[in-house]
Amino acid sequence: MISNKLTENTPKLEKATTVSRRRIRICHECDLVLALPALKNGEKADCPRCTHTLVRRQRNAAERSFALALASVIMLGLSLSFPFLGFSVKGIGNGIELSQTASTLVGFHQPLVAICVLLTVLVLPFLYLSALSWLCIGILQGKLLPHSRLIARTLAYVTPWMMVDVFVIGTLVSLIKIVGMAEVELGLSFWTLCGYALLLLLTTQSVDRDWLWQAIDSEPKAPEGIILGQSGAPQGLVGCHTCGLVNKIVAKGRCRRCEEPLHPYKGPNTQATLALLVAALIMYLPANLYPIMITTSLGSTEPSTILKGVLLFFQSGDWPIAVIIFTASILVPVGKMLALLWLCWVVHQQQQQPLNRLKKVRLYRVTEFIGRWSMVDVFVVAIMVALIRTGSLMSIAPGPAALAFTAVVILTMWAAILFDPRSIWQPTPAVPNNELPSSLPKENHHV
Ligand SMILES: [Zn+2]
Ligand SMILES: [Zn+2]
C-alpha cells in the first residue's frame, strides 16, 4: 500500500481555484476542511493535521470486496458444519460444534452472554458479509439492488461489533488451559474458523466508504464559499460520518446524499461517554468480585475470579497465558476507562496539557482499538463451559462475573464510540502553511 499523506507526492493542481467542490472532505477526527488529491489504486490519503486516513483506494474494489465476502461466508458455513473441538479424560470425551459455545450458556442461565457470543461471532459478521455482497452485486451489475442505500448506511454500525479474531484468540487460550488436564482434538471447524477470521478482517479492510458511496450515488457539490485548511464547524459545515459528503449545518439536518443524521461539532460534549464509563466502572466491581468460572472436579467446587485465574497461571508457570489474560481482562479495561476519563476531563481544559493534540488523539485511537480484545475472557468462559459440560470427572459452569464483565466490555466500547475526537482539536489550532498539502492553497482560500 502506497501511503499518500497529502503532504507528499500529491499531484499539483495548476491553479488553486480548480479545486473541485466534489473533492472536498471534512476530517471526522479533527474537523479540518480539505480537498482530496487525485488518488491512484492502492493509494490512501491521510489528514495532514491528525493523520486520520480519509480514503483508501483499492484496485477493482467491488470485485475484491465481493470475492472476499463470498469466501468469508463459505468459511463461516464450513465452520458451522464440522466438529469444532474435542477433549477426553481417561477415555471419557466430549466434542462440540462452534454454535454450542453460545447455546450451552443458555442452559447455565446466561442467555445474555450467549446472545453476545452469538451476535459478535456469527450473526453480525454474517449480516455484514451478506449486506456487502448485496451492494457489490448491484455495483458490478451497474444497477443497484433494492434497499442498497439503507444497507450501506448500516454497514458502519455493525463493523466494531464483529469479533471473530478475538474469538480465535479465546479458543487458543482455552486450548492451553485444557491441554494440562485432558487430551484435546482440533476439529476441521477450528481451522476453517481461523480462515473465516482472517478473511473477515481482509473484507472489512477492503471497503472504502468514500468509494462505496460514489459507486452507489453521485456526489452533490459541496456548499459554496468553503475555506480550505480550517475547521468546518466555524464555517457552518459538517462532514457526513457515513458517506463523507460536506453538508451545511441546519437544525436536525440530514445528509443530502445518504440521509443519515448529521453530527455537527458543538463544543466538547462528554456527558454520554461519562455516563457509560460510570456504568462500566460500577459493573467492573461484580466482574472482579464474583467468580467468572466455577470448576467442579472430583466432588470439590472451586469458584475462580478473574484475578485468581491469572494468579493460578502464574503459579503453574504458564506466564505467557497469564500475561494475555491479565492484559485482556485487567490492564485493558482499566487502562481504557482511565484513558477515556482523562480525555473527557482534558477536552474541557483550556490550559496547556502534558500531551499534545496528536498524542491525545493517538491515545483515543488506541483505546478504541484495544477495547474489543477484552472479550477474550468471555469467549474463554463460553468455550470452556461448552467443552467441559457436566461430566462425571469434571464440570465447568459460568459464574455471575461473566455477564458483568461482558457488560464492562460493551459499555466501554460504546463510551469510546460516543467520544467525539474533534473536541481534542478545539479551540482549533491553525495548520502551519508548510503542513498543508500542495493541492491546498497556502492561505485561506475560498472555493
Ligand atoms: Zn484530521
Ligand atoms: Zn452522508
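Basis for what follows: all heavy atoms, side chains included, without hydrogens, waters or symmetry-related copies. Just so you know, ligand 1 is whichever comes first in the structure, and atom 1 is the first atom listed for that ligand. By convention here, the first residue in the shown sequence is residue 1.
At least one N/O/S atom of Cys30, from backbone or side chain, sits under 2.8 Å from the Zn ion (ligand 1). Inclusion of His28 in the first shell of the Zn ion (ligand 1) is not supported: no N, O or S atom falls under 2.8 Å. The distance from the Zn ion (ligand 2) to the nearest N/O/S atom of His241 is not under 2.8 Å.
With hydrogens and angles disregarded, a donor-acceptor distance shorter than 3.5 Å links the side chain of Arg23 to the backbone of Leu36. Side-chain N or O atoms of Thr270 include none that pairs as donor or acceptor with a backbone N or O of Thr273 at under 3.5 Å.
Here the angle centred on the Zn ion (ligand 1), running from SG of Cys27 over to SG of Cys50, is 100°, rounded to 10°. Rounding to the nearest 10°, we obtain 100° for the angle at the Zn ion (ligand 2) between Cys255 SG and Cys243 SG. Around the Zn ion (ligand 2), the two atoms SG of Cys240 and SG of Cys258 are separated by an angle of 100°, to 10 degrees.
Heavy-atom neighbours of Gln271 CD from other residues, nucleotides or ligands within 6.0 Å: at or below the threshold of 12.
When each of Arg257, Arg149, Arg153, Arg256 is checked for a salt bridge (charged side-chain N to carboxylate O under 4.0 Å, His left out) with Asp217, only Arg149 meets the rule.
Under the 4.0 Å criterion applied to side-chain N and carboxylate O atoms, Asp165 and Arg372 are assigned as salt-bridge partners.
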